[in-house]
Amino acid sequence: MERSKKSVGILGGMGALATVDLFEKIVLLTDAASDAEHIRVYIDNNTAVPDRTAAILHGGADPMPAMTDSLRKLEACGADCLIIGCNTAHYYLPQLQALTEVPFLNMLDISAKACRERFPGGTAAVLATTGTLSTGLYQAVLAAAEVPCLVPDEAEQAALMRVIYDGVKAGAAPETYRQELEDVLTALTARGADCFILGCTELPPAFRLLGLDAPVIDPTEELAKAAIRFCGYHVKGEP
């Protein structure tokens, strides 16, 4: 089977575990019979990128210089497309895209379309950082895809941020944040959620580690699939 030789560059480090999760999904989802049939992937795991939520909400350090540095390094490697393993960082995607001719794949747009196709007519609850939700980015792409959505209330969002920052990012034992995460899911289901968009890239690993069984859209997985297709390869299980 003849395949193109396009490569992908990952602006990583936001966070480190989320970057590993994205790379792992690209590898596991690529229909390849040997090492030689996998995609060439360049990763800049730049953990020095300032926190995106702090920058958006509280005037924290600007992440653009560090992300631009990653962009230039991945350009120099020869990446044919670029992806960001962080939902909140997509707030800066228009600025980053303006700096390069290398196309970015937009995880949020891809996820909204996947949600519409997989859960037609369903209401999606967006689980994301306060920074991501404050930008309205997911709300906008879901509205464009005609997918009704819910977001956590103030108490639920506070609990979710503890799961993300004090739990996953801090490397805490999964059982320490199980109850808070399950309580958020239960509350949103009671308010009409039919599925959950794991709109923070720390959440797919958390769901996996906890063995949670809920109807979800995993944006990391959808982005990995899109990168595989862009590079001219096949996703396992697809025609």
Side-chain angles (χ1 to χ4, degrees), residues 10-29 43-58 60-61 63 66-67 70 83-92 107-108 111 124-135 137-138 150-189 193 195-224:
I10 300 176
L11 276 76
M14 302 176 276
L17 182 59
T19 302
V20 172
D21 187 44
L22 176 55
F23 178 46
E24 181 180 53
K25 282 170 177 165
I26 291 173
V27 174
L28 293 178
L29 291 169
I43 302 172
D44 185 16
N45 190 50
N46 185 3
T47 56
V49 178
D51 187 84
R52 283 65 61 202
T53 294
I56 294 168
L57 293 182
H58 309 300
M67 288 194 292
S70 287
I83 56 179
I84 306 176
C86 172
N87 288 268
T88 312
H90 279 65
Y91 175 78
Y92 301 93
M107 176 161 58
L108 279 63
S111 299
V126 183
L127 306 180
T129 65
T130 307
T132 297
L133 293 180
S134 73
T135 66
L137 291 174
Y138 259 115
L150 293 171
V151 298
D153 64 21
E154 185 175 350
E156 293 157 2
Q157 186 61 27
L160 191 59
M161 290 292 279
R162 287 192 293 272
V163 169
I164 293 168
Y165 280 86
D166 301 336
V168 186
K169 284 183 178 291
E175 288 302 323
T176 64
Y177 52 81
R178 176 187 291 276
Q179 192 60 58
E180 282 200 301
L181 184 52
E182 289 184 341
D183 287 348
V184 171
L185 300 181
T186 298
L188 287 166
T189 299
C195 63
F196 299 93
I197 294 179
L198 306 185
C200 171
T201 42
E202 264 65 48
L203 291 176
F207 270 63
R208 183 179 68 249
L209 290 168
L210 291 170
L212 297 180
D213 182 19
V216 300
I217 291 293
D218 176 353
T220 306
E221 181 175 314
E222 299 306 325
L223 181 60

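As the structure is a prediction and not an experimental result, all values here were calculated from the model. Note that these values count all heavy atoms, side chains included, but never hydrogens, waters or copies made by symmetry.
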Looking at side-chain heavy atoms only, is the closest gap between [X] and [Y] below 4.5 Å?
X	Y	value
Met14	Ile84	yes
Leu28	Phe23	no
Leu188	Val151	no
Thr132	Tyr91	no
Met161	Thr53	yes
Phe196	Thr189	yes
Met107	His90	yes
Tyr177	Val168	yes

Would Leu133 and Val126 count as a side chain to side chain contact (heavy atoms under 4.5 Å, CB included) here? Give the steps. CA-CA 8 Å; Leu133 293 180; Val126 183; 3.7 Å; yes

Ignoring hydrogens and angles, write down the donor-acceptor pairs under 3.5 Å from the side chains of residues 210-219, residues two or more places apart or on other chains.
unit_1	atom_1	unit_2	atom_2	d
Asp218	OD1	Thr220	N	2.9
Asp218	OD1	Glu221	N	3.3
Asp218	OD2	Lys25	NZ	2.4

Straight-line distance of [X] [atom1] to [Y] [atom2], nearest 0.5 Å:
X	Y	atom1	atom2	answer
Ile26	Ile43	CD1	CD1	7.5 Å
Ser70	Leu11	OG	CG	5.0 Å
Asn87	Cys200	CG	SG	6.5 Å
Leu181	Leu127	CG	CG	7.5 Å

Matching residue for Thr88 among Thr129, Thr201, Thr135 - test: side chain to side chain donor-acceptor pair (under 3.5 Å):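 It is Thr129; the other options fail the test.
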
Which heavy atom of [X] sits nearest a heavy atom of [Y], and at what distance?
X	Y	answer
Ala125	Ala193	CB-CB, 3.7 Å
Ala89	Arg52	CA-CG, 3.9 Å
Leu209	Pro174	CB-CG, 3.9 Å
Gly12	Thr19	CA-OG1, 3.4 Å
Ile56	Ser134	CG2-OG, 3.8 Å
Leu22	Gly85	CD2-CA, 3.8 Å

Contacts of type salt bridge (charged side-chain N to carboxylate O under 4.0 Å, His left out), residue Glu24, not counting sequence neighbours: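 For Glu24, no residue satisfies salt bridge (charged side-chain N to carboxylate O under 4.0 Å, His left out) once neighbours in sequence are set aside.
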
Which residues pass the side chain to side chain contact (heavy atoms under 4.5 Å, CB included) test with [X], not counting sequence neighbours?
X	result
Val20	none
Thr176	Ala172, Ala173
Asp153	Ala155, Glu156, Arg191
Ala16	Asn45, Thr47

Can you list every pair that meets salt bridge (charged side-chain N to carboxylate O under 4.0 Å, His left out) and has a residue in residues 197-212, with sequence neighbours left out?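 Of all non-adjacent pairs touching residues 197-212, those that pass salt bridge (charged side-chain N to carboxylate O under 4.0 Å, His left out) are Asp21-Arg208, Lys169-Glu202.
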
Say whether, by atom type as modelled, one donor and one acceptor occur between the side chain of Thr186 and the main chain of Glu182 under 3.5 angstrom.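 Indeed, once roles are kept as given, a pair shorter than 3.5 Å links the two residues.
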
Could you tell me which residues satisfy side-chain hydrogen bond (donor to acceptor under 3.5 Å, both in side chains) with [X], sequence neighbours excluded, listed by chain and number?
X	result
Tyr92	none
Thr130	Gln157
Glu154	none

